[in-house]
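Below is one structure; the comments refer to it alone.
Reminder, nothing fancy here: chain letters follow the sequence lines and each chain counts from 1.
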Amino acid sequence: MSLSTHTTPSGYLLPSIHSAPPFFTEQPNPTTQSTATEQWIRLILGYARHRKLFVLRVEDAEAAGSEWDEILRNERINRRILPDHLSNIIATMVSKNLASYEPAKQTRSALIYWRLPEEWAEVLYDWVVSIGQLNTILTFYDITDPPLESALTNIPIPLLRKAIAILGKTGRSQMIAIADGEGVRFLARSR
Amino acid sequence: MRRGVGLAAFDHQEQAERSYAELSSELSRTQVEHLHSQLDQFRTALAHFASTHRESIRSDPSFRYAFQQMCSSIGVDPLAGPRKGGWWAELLGLGDWQYELGVQIVDVCVSTREQNGGLIEMSELVRLVSKLRGVSGGGITEDDVVRSIKTLQPLGAGYQVVEIAGIKMVRSVVKALDEDQTTILAIARETGGRVVESDLIQRKGWTRNRARAALENMLLRDGLCWLDAQDNQAGRAYWVPSAMHWEI
């Protein structure tokens with residue numbers, strides 16, 4: 001048999017290692033395992049970017065039907081990643097700051113940083129500038145579900161908060177309490 | 001012939017020896033001179049050859065092969081270091097060429113080591129090195145790689161060409177392959193990478209313990225294979241990446 005790349009129904013090009021049966025087993029040799037984990041992380045980040053997926057849960061590996069199925073399973077060779085294995089990969093991603101547990105104090109679900117919070121902060125700021133909403137108050141809903149789809153559509157609130165907090169450090173954002181919750185005002189870059 | 005029996009005979013003999021010695025040194029001097037002039041001629045001829053064919057030697061693999069065959073048949077080492085005929089390597093630039101190839105081989109071997117545990121198939125190595133050299137580097141052959149690996153030997157990095165079931169492989173980690181491992185690698189070559197205990201028991205007559213120990217050693221100690229714990233038939237299969245057919 002020959003190991004080749006494969007394009008999924010959603011249009012993502014899987015690397016050839018994804019068709020190698022042992023890729024779906026946690027490797028007992030630590031050196032081999034770290035190579036495999038690196039490949040998995042690259043795959044997860046790439047696929048998340050492709051599908052704009054933000055959250056990966058250990059339970060995504062438990063049963064078929066998750067939005068991650070295309071990478072967590074390979075029906076062509078009848079293999080799937082096991083929940084414990086996925087849990088370890090997520091832990092490695094968190095330790096490398098490529099993901100963070102959300103909510104905190106549990107290890108079953110994590111935000112995947114295919115863009116780092118710092119990068120999201122810049123994307124957010126550029127978007128606000130581009131729609132001319134500096135100095136006005138926006139609700140989180142205005143950002144996550146804008147009338148015109150943006151890069152930030154569906155961004156999880158915890159990640160949005162991080163991005164806003166990063167902008168706050170340079171005086172470019174300000175959290176404001178409003179009648180039905182929280183709002184945020186973006187300010188021009190101070191000279 | 002009259003034999004001297006008196007004291008004078010000693011003088012006589014001594015004198016004769018002296019004359020012989022003089023004659024012999026005279027002879028060898030002319031021989032050496034002769035050799036020198038021959039060598040000079042040879043050197044000029046080679047220099048001429050080198051300057052005319054230098055480019056072809058660097059860029060044309062089949063020409064290079066023929067040239068190296070010629071060199072080895074007359075006992076000349078085109079790579080000899082500065083102490084023994086450096087002018088030759090210098091003229092050809094073949095030394096640099098070969099060392100450069102050596103560095104590229106090391107590059108490929110080291111960068112793929114984590115995936116294949118330091119064992120790479122020759123054809124794969126040639127492919128990856130060619131890719132690294134790009135189009136302008138000219139083609140390279142297995143023969144060039146073998147030669148370069150020889151030049152790496154003084155470094156003691158343990159690069160070695162081993163033959164497993166008729167397939168040449170390059171080993172870049174200083175670890176001797178034992179006989180059991182060689183057998184396993186040979187089977188992996190036939191199956192496209194997958195080896196299970198029962199392959200070794202049925203085909204090689206090994207005991208289960210021996211098969212398990214050899215496979216586990218390759219997995220845990222050497223990192224030469226990967227584990228697949230979801231194998232439908234055996235439950236536990238070992239995959240040798242250097243024997244798998246990767247389409248990249």
Legend entry - Those residues that, when tested against A/T37, pass side chain to side chain donor-acceptor pair (under 3.5 Å) (two or more places apart):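 With neighbours one apart ignored, the set is A/Q33.
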Inset, instruction - Tell me, please, which residues at least two apart from A/S100 pass side chain to side chain donor-acceptor pair (under 3.5 Å). - result: A/Y113
Legend entry - Atom pair OG/NE2 of A/S16 and B/H245 - distance to nearest 0.5 Å: 13.5 Å
Legend entry - Top contributor to chain B interface from A/N78, A/I17, A/T31 [non-hydrogen pairs under 4.5 Å]: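 The candidate making the most pairs under 4.5 Å is A/I17.
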Over 12 foreign heavy atoms within 6.0 Å of [atom1], [X]:
X: B/K150; atom1: NZ; value: no
X: A/Q106; atom1: CD; value: yes
X: B/D107; atom1: CG; value: yes

Inset, instruction - State, yes or no, whether a side-chain contact exists between B/R221 and A/N29 at a heavy-atom distance under 4.5 Å. - result: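 No - every pair of side-chain heavy atoms lies 4.5 Å or more apart.
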Legend entry - Residues which pass ring-ring contact (aromatic ring centres under 6.0 Å, His included) with A/Y125, listed by chain and number, not counting sequence neighbours: none
Inset, instruction - Under 4.5 Å, heavy atom to heavy atom: which of residues 224-236 of chain B reach chain A? Give them by number, or say none. - result: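 Under the 4.5 Å heavy-atom cut-off, B/W226, B/L227, B/D228, B/A229, B/Q230, B/D231, B/N232 qualify.
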Inset, instruction - Taking all heavy atoms of B/G223 and all of A/T32, pick out the closest pair and write down the distance. - result: CA-OG1, 4.1 Å
